[in-house]
**Student:** 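Okay, handing you the structure first.
Because the structure is predicted, anything quoted here is derived from the model rather than measured. Counting starts at 1 for both ligands and their atoms, in listed order.
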Amino acid sequence: MMQFEQTFMDFLLQHQEKHNRTYHFLILLDALISAAKHIQHYYLTGALKGNLGLAGGVNVQGEDVMRMDQIAHEITIHYLKASGRVIHAVSEEAEEIIPINPEGGRYLVYFDPLDGSSNLPHGLPVGFLFGIAKRNLEGPEDGHLRAGKDYRAAGMFVIPTGTFTLGLKEAGTWRFHIDETMNFVRPTRMTLPEDTKSWELSFNESNRSTYAERVQKWIVENESKYAFRYLGALAGDFHRILSNGGMFMYPAIINHPNPKKNRPEGKLRLMYEAAVVAFMCCEAGGTAVNEAGIPILEIQPEKLHQRTALYVGSKKLVEDIAQVLREKR
Ligand code: AFP
């Protein structure tokens, strides 16, 4: 007898039916998966065609090169439009909100189609991150600036590794792998491990002296207990934390020798970076806070591309540093 893996679509169909839900969400996820596969294909073949270069360059065919993140953005918008299910989208690649199907749409999508661009020229992993909120069908329209706690789902593709992780509201975080037929298969529920032996710390070590003193002190007191890993692409770094436990952090930068380079509000974007991984982490038994120790999912965004500091991972570790962050200065 042949053995078949359960596909993502089969998994999601069962999930929707179990919870008595419509198929609209399936159509949206199918669009996001098509976009991710298309971006992955472009990425894998791009280096040979000379298309991973900087915008303004010329590839081996003598054509103008478009930035890869701009290409990924256009691909995603195409599939979101074709799905007919999206009201508006917010993309890292567009300053303003993007109307997709304001009348008939049902979901709001926040995305970064190619996060971790410093890995791009090396062909190393980048992320496609997204969060999904739903139109308020009963009441008055309630706007597009949604806190992470309002997301129905949030996920990430690690491109070009063929892994896809999806957090579903009150239904866990699941990981899938792409197979030889280009289907995402083998749903595996992710739970952050309790055993601290595998835990890791992940942050940009070269920024350490720019963090708040109390964050630096916490690092000194804790770093020798855990392995240290840093890729420089949130999706890849968070992927490891979700499997091994520990904490990823991108603290506020407040002690930079060049004050112009300080980032007291943090670097990462709230709606399509921090809230996305925070959502998946919380569904996997972990937690996430900002520089004031406030849960990331509680933060009400005030603008589209709002930034935040981020501490995300195993509950014990994040709560430990959150206590330090909450202390009165
Ligand atoms: P880029 O896309 O500009 O490389 O930013 C990636 C990112 O937003 C996130 O994916 C990383 O975790 C973080 O920034 C890395 O930042 P540093 O290069 O400052 O460590």
**Student:** Can you pull the residues with any heavy atom under 4.0 Å from ligand 1?
**Tutor:** Asp115, Gly116, Ser117, Ser118, Asn204, Tyr230, Gly232, Ala233, Leu234, Phe248, Tyr250, Lys267, Leu268, Glu273
**Student:** Would you please test Glu213 and Lys217 for salt bridge (charged side-chain N to carboxylate O under 4.0 Å, His left out) and show each step?
**Tutor:** CA-CA 6 Å; Glu213 271 84 26; Lys217 186 161 168 274; over 6 Å; no
**Student:** For the CD atom of Glu170 and the CD atom of Glu283, what is their distance to the nearest 0.5 Å?
**Tutor:** 7.0 Å
**Student:** Are Phe164 and Phe157 an aromatic pair, judged by ring center distance below 6.0 Å?
**Tutor:** yes
**Student:** Looking at residues at least two apart in the chain, or sitting in another chain, which of them share a side-chain hydrogen bond (donor to acceptor under 3.5 Å, both in side chains) with His41?
**Tutor:** none
**Student:** May I ask you to test the Ile87-Asn101 pair for a side-chain heavy-atom distance under 4.5 Å?
**Tutor:** no
**Student:** Using the rule that two of Ile, Leu, Val, Met, Phe, Trp, Tyr join whenever any of their side-chain heavy atoms come within less than 4.5 Å, decide whether Ile98 and Leu114 are in one cluster.
**Tutor:** yes
